[in-house]
Every structure is written in C-alpha cells, then in structure tokens.
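To find a chain, count down the sequence lines: A is the first, B the second, and so on, and within it residues start at 1. This structure is a prediction, so every number in the text was calculated from the model and none was measured.
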There are 2 protein chains.
Amino acid sequence: MDLREIARRAKVSTATVSRAINHVSTVNPQLAKRVWKVVDELGYFPNTQARALVSGRSRILGLIVSEITNPFFPEIVQTFEHLAVENNYEILLTSTVNDPKRMEQSVRRMIERRVEGVAILTFGMEESLLGHLRFRKVPLVFVDVGPDAPGIVNIRINYLNGIRQAVQHLAALRHTRIAFVAGPSRLKSALARTEAFKTSMAEIGLLPEVIVTGDHTMEGGMRAMVELLGARDQPTAVVCSNDMTAIGVMREAYDHGITIPTDLSIVGFDDIRLAQFMTPPLTTVQMSQKELAQIAFRALLDEVGRESRSTQKSEYELITSLILRRSTAMARPLNDAHREQ
Amino acid sequence: MDLREIARRAKVSTATVSRAINHVSTVNPQLAKRVWKVVDELGYFPNTQARALVSGRSRILGLIVSEITNPFFPEIVQTFEHLAVENNYEILLTSTVNDPKRMEQSVRRMIERRVEGVAILTFGMEESLLGHLRFRKVPLVFVDVGPDAPGIVNIRINYLNGIRQAVQHLAALRHTRIAFVAGPSRLKSALARTEAFKTSMAEIGLLPEVIVTGDHTMEGGMRAMVELLGARDQPTAVVCSNDMTAIGVMREAYDHGITIPTDLSIVGFDDIRLAQFMTPPLTTVQMSQKELAQIAFRALLDEVGRESRSTQKSEYELITSLILRRSTAMARPLNDAHREQ
DNA sequence: ACGACTTGGGTATACGTTTACTGCATCAAC
DNA sequence: GTTGATGCAGTAAACGTATACCCAAGTCGT
C-alpha cells in the first residue's frame, strides 16, 4: 500500500496526495479531505526511506554513548528520545563499550543510515573516525568529551563548582583526611574531576594526598576501597569521581564492617537516580542528566538547522552542585580506628 | 558520493559496483578489486534508504520497552543491539512509559520506518495498535506480555521455579510470617509473580496473608514498606515482586532503623546488576536479562526469516532461580520488636 | 568450423516519495 | 472580448540502489 494506491482510490494524482499529507497549502480543502479519508481507511503511513531518499533528509539523529548499562545514560537516552519524537526525528542509538571496533561500527552505521547529526557522549573516538563524519559535513555535538578546536560544539560541565561544594562541606564537618577515588585517566571528564578536587582541597589548605584510581564502575569502587583501607593514614571521608564508584566503595565498606556515615563519609558524583535510594542515601554532586540531554539535543538541532556549518565555536555549560543526603557526617573527633573485619 | 560515482571512477557500470560491494560471485576478482580500491579511497558507504527501498527490506528491528530508565532494560537493549549489529540489523528503540499516546507513536514510528519485526517488552498495547502491525504482517515477538493466542510468539518466564526457591529458603530460615510486595495489577507478569508466591506458600503450609501492592518502582517499595510497618502482625521476611521494589523496601527499612537482614529478611526478583552492590547485597531471584534478550532476538530473527507467517504457536521459556546473597538471615527466635525510629 | 553453452559485465527499470514544471480554468482589468 | 494574472492539480523527473534481462566473448563438443 503506497501513495499511488491512495491516489487511485481518491481519484487524484500522487502529487496531490503528497501535498495533502504534508499539509501543503495549495491543495483544495475538499480534495484534501477526500485524500485523508482514504488514508485513514487504509491505515496508510508514508514510507520514510522513500521520503529520505528524495528529500535528502533521513530524519534520524545519532546518539553515541559509551555504555547504556551505565545508569548515567538511560535518563539521557530517554530524554533524547522524547525530544526527538517531538521534533519528528528518530534516534539511532549506538554504544561503544569503549571498544575501538564498536566505535568504528558506530560511525559506519551512522553514515550508512545518513543521520543528520550526531551527539557524542563517549570518549576515545579516533580523529580518523570523526573525520568520516566531518567529511560528510554531519553536524556533531560533543558532550564533555570533545576536542578543543574551533567550530566544534561542545557541552562543557563545570565540575569545580560542585566538587568545591563537596570538599567544603566535608571540611565543615571537620574532615581533614579526604580521599578521592578518581576515574580512568583516559577519560578527560574524569581527569577534570580529579583536577577540580585538587584545586578545591588546595583552596582550603588541605593536601589532596590520598588519590586512588577507579574506573567508574562499582567493581572499581570496591577495589579502590580495598586500596584505601591499606593506606597508612586512613581517610575519614572519600569523594568519588562518580556515583557508581561510590556505590562500590559503600559496598566494600559494608563488607568490612565500616558504617557509613559514622565511620566514613562518602560523596558521589552525577546524582544518578539510584543515589537517593542507597542505604544510606548518597550525598552527591548533581549533574542533571535530563538537563544535559536537553542542552545537547537543542544544540544538535540548532546545528542541523543551520544551513552552513558555522565556524564559530559554540559552547554550552552545565553547572553542578552538591546534594546533601545522609552518607556524610561529622568526622570522629579522635582518631579511633574503625573495627576491621 | 554515490554508487554511480564509484562506477565512473572504476570505469565500470553501476551494476558491477553493486555486485562487487555485495560480494556477488559473478564479478571478476580483478574488477572487484578495482571497485573496492575506489570505494576505500572515497570512503564510500552505501545508502541504506535506497537499498531498503529497492530491496523491500529495511534491515531495522523494532524494540518496544516500557521504560529504559528501569534498570531491568538497559542490559536487554545492549544485548539486543549487539546481536542486531552482528546480523547486520539496526534497532529502533522505543519506550512507552505506559502512556497510550506513546504506544501509538511507537507503532506508527515502527511502521513508518518499515521495521522487519518487533520485539515487545511492554504491557498494555491495545489490540487495535497491534492490529496495525499484524495487518502488515510484521513479525511480532512478545516477551512475557503477549496474548495467549495461536500464531503468537511468546517468551514465557517460569516464575514459580524461582519464587518457590525463595519461599522455601525463607522457610528453612524459620520464617513463618512472610510478606509479599506485589507489582501493579495491570501487569500480567506481576500478577503471575503474586500467584507463584501464593502457590509456593501454600505448598509448604504457610498462609500468604500479608500481601501489599507496590508498582515496581523504588518509591513504590518505600510506600509498601510503610504499609507493612503498619500491619498488626509484623512479617520477618518480605519477598518483592522486583528488585526495584526491594531496594525501596530496604531504603525505607533503613529510615526506620531496621537492620537487614538481622531484623528483616528481604528477597528481590530480577537480579538486576545493581542487586549485588546493595548494602547488604540482595538475595534475589535471577532472571537473566541477557539470556532473555538472546532468546527474544533469536526468536524474532527466526520469524523474520520465515517466509510465510506460520500459524503454529511458538513458545520459549526462561527459567528463574534463587541467588543467595546477604539480605536474608535466620528469623529471630523470639518476636522481639525491632526498634522503631 | 560451427553451433550450443557458459561466463560475466552492461542497460535499464523499479522501489515510493517529493517537487519543478506544465497546463487548464477562472477571473479581473482594460 | 482579449490579455494577463492567479490558483491548483496533474505529469514526470529525480533520489541511490539492486537486479532482471540482454548481449558479447569465450569454451567446448562434434
């Protein structure tokens, strides 16, 4: 069942059907009604591929994330999807799981489907891959992972703001030995968080001595906590590079009979939805996934709409801020060791 | 840059280029090499919409879930995506958030993009909507939500197996007052879990007296726990219809100073990845999301491959089983009340 | 040496839309 | 009544690919 069939049954030409369906003004209302009647009767839906072919517009937007099973992303995907539908777009979702092969596949899939633009939320895309997209003038929007070059749309995140609040909050609770569990060093955004931590500590005259490295997973958080427990000078508080890490840290602490927040204060980062349902609810730095997605989508849509790729550098910024919950408490006045398992 | 351009540069016809790209045997290896050389040089990728148009195959599979932010789904989406790519398909992901309007949109989007098949993991799709898909002979695979009609491919889940294990496990720990937090009653799969609980309790001669209703969210779990606390005969163990509910229950218990598992044993359902990272790690009934996705994908691919829709009823079954972790423990010998906040 | 196959590449059509162009009315203005 | 403008619907040409069909040249049997 196609447009021609509609035309035949409504006794008009295909052009008229097309115009009626697309609400082009130059079609007689009465004819339009006749066309719509047939369309509804037959339950006809236009073929998007044919449309895309002739119009040169696929009405598909690409979304490349690193891992959809990371609770940080589903919220973003959801928001993206809603906005896409509202704007009559489809989204092509791709996850790289940080695998170069999958990254290449992602790009290929995007190009084959002729996406009109791509939002990139994964780090480590080879420049050569991005070249494929740029070569075809596909608008790109990077979220916190983009290169610092002109003409690149980048959503930046102000990490310092929230992390400074976290550190100051802990300091106000009389914590002095504050540890940091960093994210993987290949991740620029993780590096930025570590830097923000160091800066914040320095600002209030504390030494950011204890920094261990995680990998932004729960398992990594567990390992980091083990490492922390081995340190000679036990921290009384730990700030984590993301919430997943914090969850791992909490879990490992539990295994060692360490009570949160009595024995140890913990602060996360991201404020994934789950954070508030932990026991205890996790104090964390908020970075609204929904807002992030909205900004990214809007930016992408703007780029797609712009006829000529502008060379001006577009920057957007997302502010982060501390959300107080119950995984942080006053530091113990004396250095009484917690009970080891 | 299109196939014709390649043809021009390789000094062959478009037919040859097409054949070379698709590895059709009838093309001279030397010519093929020449074609591929140009293809690589230009970084050419075939246009999928044009392909779809002429071949009548979109190479897109639909995937309708209820809510991607529900941690149960991302794992499934991921597996589905991987399998799709392996089979040279793209997936069109849609979430209904249990909104009739979005369900309708989902179906429309699927049809417009001419998906070759759809996997449905959401409940409450109107029969009239499904009719649109059936009318177009789009292969459908339901995961635990399908109608019991012939010719419908349905992946069924054996709830009884795992829930019986859970109940028996609790009974072995000397629990007699075992509560159940049910899921929303409009959800058939939730109803099935409740039934399985009742059956299991009856089997060992216990009364399934305390059943409160949640909604498969963490907030619902919290509310259910509040309700449970108000009951005159406090349960010593509670089985939850899904893990999200269990997390909510645990969280609310924490707020009331109730310690898990000392004061209260908790069992979840689904074994989402998070379950093992709770404090304490959640004892739960496993229902492998990955396996589920694999079964569903395979079933869908089979249906798509089958030339004529078979009328035989295809059934697949997924077994569930209890995973022991640390949210369950021996029931207190005496009925010493837990401390209220 | 000649016809019958076989092999493999080219020609041209079709897929389902959109849209530039064409052409027929109708109508206003003179 | 002729001319010019305007409104609207129809005709046909794209969009980029796959493939049915055709045809040239080579192979082989007799």
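Residue A/Arg51 contributes atom CZ, which lies 15 Å from atom C1' of D/dC15 at whole-angstrom precision. The nearest whole Å value for the distance from the CD atom in A/Gln30 to the C1' atom in D/dC8 is 14 Å. Between the CD atom of A/Gln49 and the P atom of D/dA18 there is a distance of 14 Å, given to the nearest Å. Taking atom NE2 of A/His23 as the reference point, atom P of D/dC8 lies 17 Å away to the nearest angstrom. Distance A/Glu112 CD to D/dG16 C1': 14 Å, rounded to the nearest Å. The CD1 atom of A/Ile6 sits 12 Å away from the P atom of C/dT18 (whole-angstrom rounding). Per the geometry, CZ belonging to A/Arg57 stands 16 Å off C1' belonging to C/dT19, to the nearest Å. Distance CG (A/Leu3) to P (D/dG10): 12 Å, rounded to an integer number of Å.
Tested against B/Leu63 for a side chain to side chain contact (heavy atoms under 4.5 Å, CB included), the candidates B/Leu92, B/Thr94, B/Leu121 yield a single pass: B/Leu121. Each of A/Asn88, A/Val115, A/Thr48 was evaluated against A/Arg59; a single residue qualifies, A/Asn88, per the side chain to side chain contact (heavy atoms under 4.5 Å, CB included) test.
Rounding to the nearest 0.5 Å places OG1 of A/Thr14 at 11.5 Å from CD1 of A/Ile6. With rounding to the nearest 0.5 Å, the separation of CD in B/Glu81 from CZ in B/Phe297 is 11.0 Å.
For the residue pair B/Tyr44 / B/Glu5, no side-chain donor-acceptor distance below 3.5 Å is found, with atom types taken as modelled.
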A correct 5'-to-3' footprint of nucleotides 6-15 of chain C, with B, S and - meaning base, sugar-phosphate only and no protein heavy atom under 4.0 Å, is --SBBBB-BB
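B/Asn22 has a side-chain polar atom (N or O) that falls below the 4.0 Å cut-off from OP1 or OP2 of D/dA18.
The existence of a salt bridge linking B/Asp99 and B/Lys101 is excluded, since no basic side-chain nitrogen approaches an acidic carboxylate oxygen closer than 4.0 Å.
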